[in-house]
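The residues of the chain are indexed from 1 along the displayed sequence. This structure is a prediction, so every number in the text was calculated from the model and none was measured.
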Amino acid sequence: MTQVNPPQFRPEWERYSGVLRTLVMANAFVALVLELALFVFVAWWALDLDHALWTRLLIAVAAVGALVALWGAFAAPKARVPLPVAGTVAVKAVAFGAGAWALWGLGLPAAAIAFAVLAAANTAAVTYFRRPRGA
């Protein structure tokens, strides 16, 4: 039986050069910041609830843990369960939607809208840059 080696993960910016490479790297950095921010926003929302402290902590840990597991399994560049592009975008929409919803729940609607727009634009750019060459 022949064993197939899994494809090596290579960052998307390695396929580009010059100014475009710098822009792709900057977009990847923005993606990382947005991903971390969504976890912070959800935890912040949970800790702002009107419940006992232990309940708020439990909700924060559960909500952030669920989002981390969802992201790591389906949306990360090295996801354990690779999905088609539409599936990955859908998972990112759910995760970033949770971050925007958390900001909205904190009474920050302008920040929620700004976060959602920035996350959508960044996801579109990342999806474009990661597409197979010639597609």
Check: T88 and F74 side chains under 4.5 Å, non-hydrogen atoms: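 The answer is no, as the side chains (C-beta and beyond) never meet within the 4.5 Å cut-off.
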Non-hydrogen side-chain atoms of F115 and L38 separated by less than 4.5 Å: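 Heavy-atom side-chain distance check passes, below 4.5 Å.
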NZ or CZ of R131 within 45° of Y128 ring axis and under 6.0 Å: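 Yes, cation above the ring, under 6.0 Å and within 45°.
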Matching residue for F96 among F39, W71, W101 - test: ring-ring contact (aromatic ring centres under 6.0 Å, His included):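 Going through F39, W71, W101 one by one, the ring-ring contact (aromatic ring centres under 6.0 Å, His included) with F96 is satisfied by W71 alone.
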Pairwise side-chain hydrogen bond (donor to acceptor under 3.5 Å, both in side chains) hits with a residue in residues 31-49, at least two apart: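 Pairs touching residues 31-49 that pass the test: none.
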Nonpolar side-chain network containing V126, other nodes, edges under 4.5 Å: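 Answer for V126: none, a lone residue.
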Looking at every heavy atom in both [X] and [Y], which two are closest together, and how far apart are they?
{"X": "A43", "Y": "A60", "answer": "O-CB, 4.2 Å"}
{"X": "A79", "Y": "A73", "answer": "CB-O, 3.4 Å"}
{"X": "L103", "Y": "A111", "answer": "CD1-O, 3.7 Å"}
{"X": "V42", "Y": "A98", "answer": "CG2-O, 3.9 Å"}
{"X": "A75", "Y": "V91", "answer": "CB-CG1, 3.9 Å"}

Measure the spacing between [atom1] of [X] and [atom2] of [Y] and express it to the nearest 0.5 Å.
{"X": "L20", "Y": "N27", "atom1": "CG", "atom2": "CG", "answer": "10.5 Å"}
{"X": "L106", "Y": "L49", "atom1": "CG", "atom2": "CG", "answer": "8.5 Å"}
{"X": "K92", "Y": "L34", "atom1": "NZ", "atom2": "CG", "answer": "10.5 Å"}
{"X": "L53", "Y": "L47", "atom1": "CG", "atom2": "CG", "answer": "8.0 Å"}

Could you tell me whether a side-chain N or O of [X] sits under 3.5 Å from a main-chain N or O of [Y], the two making a donor and an acceptor?
{"X": "R56", "Y": "A46", "result": "no"}
{"X": "N122", "Y": "V30", "result": "no"}
{"X": "T123", "Y": "A119", "result": "yes"}

Near-ring test W104/F41, centroid separation under 6.0 angstrom: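 So the answer is no for these two rings.
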